[in-house]
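These numbers were taken from a predicted model, which means no experiment stands behind them.
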Amino acid sequence: MCSRGFKRLFKFSLGRTRFKDAWNIQKRMVELRHQSKIPDCLLLTEHDPVITMGRATSPGNILCSSDELKARGIELFEIERGGDVTFHGPGQLVVYPIIDLTQRGRDLHLYLRDLEQLLIATLGELGLQAGTKKGLTGVWVDDHKLAAIGVAVSRWVTYHGLALNVNTDMDYFKLINPCGITQYPVGSVAKMLGHDYALGEVADLLADIFARTNNYEMEEVADISTILAEEATA
């Protein structure tokens, strides 16, 4: 606990990463958090083009062949998060909270709703009025889905998280039925507002809102490899 009574939160800005590398980092961080060797964390990144399939993925929601994906340099992974198929790539902010839900009453449903409210608040600061849709997870602006959420939990520590389309090329989403949804299109902050945003600025804004609304004192850690190396030998 910090001196002012706030909880500690480590923030890691990973830059652009391959999905598999970030996935491996998450799993290591989950183990460290479970052992109480690190506090709650936010991992912020932008991925090379990748399609991920959650536990509820229907094969029919991938609309292209594996050969076409390979030709376009898009990786494909089956992963353990909830939800259907989604795309991650350049111009999209991806946030992986490593959070001990034991301190939040072990309420996964409430955690998902909190992530939605985090996105709504972030988009509000950017000048967009966002909301949710009954029966669907994620955040919409004018019936366009701007943000997807899919999480996994291991011994009540969360990983995976959320993806917000900031300057994302929407053509990538033509390769899938995003999250299995066909009745609503995807959208981006740039398309809604008519200009691009620096991804790092949006990442900092979202992290600041997350820390403020959850009573964290945030500490930016410049080198995640140092943390992992130190804790691995602890």
Side-chain angles (χ1 to χ4, degrees), residues 9-34 38-58 61-62 74-90 92-104 106-119 122 132 136-139 145-166 168 172-173 176-181 186 199 202-203 206-207 210 214 224 228:
L9 177 74
F10 281 175
K11 174 189 174 188
F12 299 94
S13 298
L14 303 181
R16 186 156 163 176
T17 60
R18 290 185 63 222
F19 177 80
K20 189 173 182 180
D21 293 338
W23 192 13
N24 288 334
I25 289 171
Q26 287 183 76
K27 288 184 280 190
R28 175 64 180 145
M29 299 291 278
V30 166
E31 182 60 29
L32 294 173
R33 184 68 190 99
H34 176 68
I38 56 173
D40 288 345
C41 302
L42 284 184
L43 309 178
L44 301 111
T45 190
E46 173 190 23
H47 284 314
D48 292 337
V50 62
I51 288 172
T52 65
M53 299 179 291
R55 295 191 305 270
T57 296
S58 169
N61 286 326
I62 298 177
I74 302 171
E75 295 189 289
L76 181 67
F77 289 96
E78 293 184 33
I79 59 176
E80 63 276 79
R81 65 160 170 80
D84 208 301
V85 64
T86 195
F87 168 81
H88 300 307
Q92 183 189 72
L93 172 62
V94 179
V95 183
Y96 297 128
I98 311 297
I99 305 295
D100 184 357
L101 289 184
T102 300
Q103 301 178 4
R104 293 168 172 248
R106 296 186 173 182
D107 191 332
L108 182 58
H109 179 80
L110 178 61
Y111 173 66
L112 291 171
R113 303 292 78 79
D114 286 346
L115 291 182
E116 288 174 338
Q117 291 306 310
L118 168 66
L119 286 160
T122 301
T132 59
L136 297 173
T137 299
V139 171
K145 188 172 184 180
L146 268 65
I149 297 172
V151 303
V153 178
S154 174
R155 291 173 291 181
W156 294 108
V157 176
T158 69
Y159 59 122
H160 296 290
L162 59 90
L164 173 62
N165 296 326
V166 181
T168 321
Y172 281 112
F173 289 96
I176 60 174
N177 291 325
C179 302
I181 298 171
V186 291
L199 206 63
V202 179
L206 183 146
F210 183 85
N214 289 281
I224 194 170
L228 296 177

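- In this structure T122 satisfies the side chain to side chain donor-acceptor pair (under 3.5 Å) test with no other residue, sequence neighbours excluded.
- Of all non-hydrogen atoms in L119 and A147, the two that sit nearest each other are CD1-CB, 3.6 Å.
- D114 is linked by a salt bridge (charged side-chain N to carboxylate O under 4.0 Å, His left out) to R104, counting only residues two or more places apart in sequence or in another chain.
- Between atom CD1 of residue I25 and atom SG of residue C41 there is a gap of 11.5 Å, rounded to the nearest 0.5 Å.
- Every residue meeting the ring pair (Phe, Tyr, Trp, His ring centres under 6.0 Å) condition with F19, not counting sequence neighbours, appears here in chain and number order: W23, H47, F77.
- For the pair V151 and H160, the tightest heavy-atom approach, listed with the atom from each and the gap, is CA-CB, 4.1 Å.
- Going from atom OG1 of T86 over to atom CD1 of I176 covers 5.0 Å, rounded to the nearest 0.5 Å.
- With hydrogens and angles ignored, the 3.5 Å screen pairs no side-chain donor or acceptor of R155 with any backbone N or O of V30.
- Scanning both residues, V95 and L44, for their nearest heavy atoms gives CG2-CD2, 4.0 Å.
- By the salt bridge (charged side-chain N to carboxylate O under 4.0 Å, His left out) test, R18 is found to be paired with E75, residues two or more places apart in sequence or in another chain being considered.
- Counting only heavy atoms from C-beta outward, the side chains of L76 and I62 approach each other to under 4.5 Å.
- Rounded to the nearest 0.5 Å, atoms CG (L43) and CE (M29) are 5.0 Å apart.
- Residues that satisfy the side chain to side chain donor-acceptor pair (under 3.5 Å) test with T168, not counting sequence neighbours, are N165.
- E116 is linked by a side chain to side chain donor-acceptor pair (under 3.5 Å) to R113, counting only residues two or more places apart in sequence or in another chain.
- A donor-acceptor distance shorter than 3.5 angstrom exists from the side chain of T158 to the backbone of P97, with no hydrogens or angles considered.
- When the side chain to side chain donor-acceptor pair (under 3.5 Å) test is applied to R106, the partners found at least two apart in sequence or on another chain are T102.
- For the ring pair (Phe, Tyr, Trp, His ring centres under 6.0 Å) test, residues two or more places apart in sequence or in another chain that qualify with F87 are Y172, F173.
- For the salt bridge (charged side-chain N to carboxylate O under 4.0 Å, His left out) condition, the pairs that include at least one residue of residues 46-56, sequence neighbours left out, are R16-D48.
- Every residue two or more places apart in sequence or in another chain that forms a side-chain contact (heavy atoms from CB on, under 4.5 Å) with D84 is listed here: T57, S58, N61.
- In this structure, a donor-acceptor pair under 3.5 Å is present between the side chains of T45 and T17.
- Under the salt bridge (charged side-chain N to carboxylate O under 4.0 Å, His left out) criterion, K11 pairs with D204, E220, sequence neighbours left out.
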